[in-house]
Number of protein chains: 2
Amino acid sequence: MKPLLSPRELAHAIGVSESSIKRWIDDGLIGATKTAGGHRRIAGSEAIRFVRESRSILVRPDVLGLQELAAVEKDITAGGDDADRLFVYLKEGRAPEVNGLILSLYLGGQSVAEIIDGPFQTALEKAGELWTKEESGIFWEHRATEIAIRAVAVLRTLFSPAADAVIALGGAPTGDPYILPSMSSAAVLESTGLRAENLGADIPLDSLMRAVETLRPSLVWLSLSVIGDGKDMEQQIDRLARQLSERGVRLVLGGRAVERMDLLPRPGLHIGESMRELEAFAKGLVANSVRSEQAAFQSDRETVNESRKNPRERSGI
Amino acid sequence: MKPLLSPRELAHAIGVSESSIKRWIDDGLIGATKTAGGHRRIAGSEAIRFVRESRSILVRPDVLGLQELAAVEKDITAGGDDADRLFVYLKEGRAPEVNGLILSLYLGGQSVAEIIDGPFQTALEKAGELWTKEESGIFWEHRATEIAIRAVAVLRTLFSPAADAVIALGGAPTGDPYILPSMSSAAVLESTGLRAENLGADIPLDSLMRAVETLRPSLVWLSLSVIGDGKDMEQQIDRLARQLSERGVRLVLGGRAVERMDLLPRPGLHIGESMRELEAFAKGLVANSVRSEQAAFQSDRETVNESRKNPRERSGI
DNA sequence: ATATTATTGGATGAATTGGATGATTTGAGC
DNA sequence: GCTCAAATCATCCAATTCATCCAATAATAT
């Protein structure tokens, strides 16, 4: 818990305006001190007292860093870092707080990619590290992952792509059971205005290719967390890259398994180190597609043929 | 969904006067808090609950921040079965409409279990049937599943279990990669007031057992969609059932693979054919735990020991 | 059918809320 | 120490909500 809160922080936490908090402080309803320069500062304990007595609803518990007022002490240990707090929430299975924190980070101006690359990744990694040491690690990790999946799903409801949005399509290939990275990618892509079609985990690459034929995306992403038979998967991905390249569709590979792979460079193939890169790539794609908007009025087939001739010409990177 | 509503907002949303909302709040029909200045504020989830239980019609869903609902309302005039419409939405990858339809069914008074047993199941089955006939079936199914997962995650945000709620714990065992059934079970359980800890898919049963030791649930569910080596899994489940039975913890098995299994009957073991049954079981459990509230004031250890002696005595079924 | 009771929603003046403004303070980086 | 963007200040004001009363309508009893 923060030792001192500004009027704005308390206002956000209980869903009222900053003005009201200030007035209440001035009316003596909330105890507060003033800095030398006259800024109001509310002590954490006073904030808790006020929330309790006014029976306010904690709209964003994360701002105060507490949910159950009885368990205040426990939360003091949560510290100040977003990643730390997220980690604690995930570890303790506190889904509402996870949702609240993610949402407030986004509303606070961070991009989805930044949140996932930053606190999200850090918290989940930290969790993984800690739990590999414990016998019962698996179940903590499973629960944390489940809560994280739900948080991403909720975050994604904030975005509704336009009807004519650029389409992105992706998933995790056969043998890779991890849902979260692909879902995160979809969230990042939709946050940039694309329409993301996520096929989830364990999707055979030929099924993915069929989906490409049907949905005609401009971008395909592949999340690679674990790969079974390395060589075989490399060949499969290379074939996919070739097929997509022929159609002028960009392919972005990402995930922790991608470093260990040895792939041939291909036009339109991009290897992303982070969600931020994926975001940048997508933004470039959108900008480009706006510029070549007139070309898009041609029929699908023509567009495919055209980009086939010059697959690099339309790349935003 | 907006986190906090004023009386006027809720009044506009359901097409009644502001005065009525205020009176209903004062009469205790709608839960609300007051600001320091005495203005009434209604929590979003409470508004949903009231709309549902009072059978009000949402004239302006968008006022509550439920824009998805507005989109679906338009389609309602198009007619057709709920399951049909859900199927079309899933097939066409229209995630917001899926969310909206699920929410409108819930607001219309159906329970989470009814929705999942009904339209949800039907639509997904129909999708499965259709797509097994097509070559490219897999990708349709993957996309539909992903959208369904997100819808359940969003639906689940409506429920926030009390701090002293009865705990349920579950997942899908090793070899079963299906996330959705277990997540659906969690949603059903939380809709009845329990706190559901979902460990997701592919969880080793000994990890699940470790989680039982830590989280001390009153109920464990197991979603069985596919089972690898049947005999081995039966033995594992039987062992789990025995261990849980010894601790007085009820075990509920569900999922389409459960019919094909041959399990020994055990005290505290229940095989559920549907989400409705799971819901009924959970309700029984809650009712029972309220009745034996005084016993709950004993220490954890004592309670465990007590129920160990008479594992059936506390069963609500 | 008439009387009685309950529910609804509009109207009122007073109080509360929250957004906007330009000036001031804070805190982080250099 | 200096600079600068972000946060906060005090103040003002329009919009909203408050509590209360009352008329109109709906439901129920006689």
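Here is the naming used below: chain letters follow the sequence lines, and residue numbers restart at 1 for every chain.
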Show the atom names and distances, to 0.1 Å, of all donor-acceptor pairs under 3.5 Å that link a side chain in residues 9-20 of chain B to residues at least two apart or in another chain.
residue, atom, partner, partner atom, Å
Glu9(B), OE1, Ser6(B), N, 2.9
Glu9(B), OE2, Lys2(B), NZ, 3.0
Ser17(B), OG, Ser19(B), N, 3.4
Ser17(B), OG, Ser20(B), N, 3.2
Ser17(B), OG, Ser20(B), OG, 3.2
Glu18(B), OE1, Arg8(B), NE, 3.3

Residues in contact with DNA chain C, drawn from residues 29-36 of chain A - heavy-atom cutoff 4.0 Å: Thr35(A), Ala36(A)
Identify, residue by residue, the members of residues 42-56 of chain B with a heavy atom below 4.0 Å from DNA chain D, and return them in order of residue number, or none. none
Student check: side-chain heavy atoms of Ile149(B) and Met183(B) closer than 4.5 Å: yes
May I have the distance from Arg8(A) (atom CZ) to dT25(C) (atom C1'), rounded to whole angstrom? 14 Å
For Arg40(A), the side-chain hydrogen bond (donor to acceptor under 3.5 Å, both in side chains) test, sequence neighbours excluded, returns Asp26(A)
Expected rows: protein N/O vs nucleotides 7-14 of chain C N/O, under 3.5 Å:
residue, atom, partner, partner atom, Å
dT8(C), OP2, Arg23(B), NH1, 3.3
dT8(C), OP2, Trp24(B), NE1, 3.1
dG9(C), OP2, Ser17(B), N, 3.2
dG9(C), OP2, Ser17(B), OG, 3.4
dG9(C), OP2, Ser20(B), OG, 2.8
dG9(C), N7, Arg23(B), NH2, 3.1
dG10(C), N7, Ser19(B), OG, 3.1

Enumerate the residue pairs fulfilling ring-ring contact (aromatic ring centres under 6.0 Å, His included) with a member in residues 14-63 of chain B, sequence neighbours excluded, ordered by first and then second residue. Trp24(B)-Phe50(B)
Does Arg52(B) make a cation-pi contact with Tyr106(B) (under 6.0 Å, within 45 degrees of the axis)? yes
Residues in side-chain hydrogen bond (donor to acceptor under 3.5 Å, both in side chains) contact with Arg156(A), at least two apart in sequence or another chain: Glu190(A), Glu146(B)
Do Arg250(A) and Phe281(A) make a side-chain contact, defined as non-hydrogen atoms from C-beta onward lying under 4.5 Å apart? yes
With sequence neighbours left out, the residues meeting ring pair (Phe, Tyr, Trp, His ring centres under 6.0 Å) with Phe87(A) are none
Salt bridge (charged side-chain N to carboxylate O under 4.0 Å, His left out) involving Arg276(A) - partner list, sequence neighbours excluded: Asp117(A)
List the residues meeting side-chain hydrogen bond (donor to acceptor under 3.5 Å, both in side chains) with Glu279(B), not counting sequence neighbours, and say none if there are none. Ser111(B)
Contacts of Glu273(A) meeting side-chain hydrogen bond (donor to acceptor under 3.5 Å, both in side chains) (sequence neighbours excluded), chain-then-number -> none
Answer yes when Glu197(A) and Arg195(A) have at least one side-chain N-carboxylate O distance shorter than 4.0 Å, and no when they do not. yes
Where chain B begins and ends its contact with DNA chain D, read 5' to 3' at 4.0 Å from heavy atoms: dT16(D) to dA19(D)
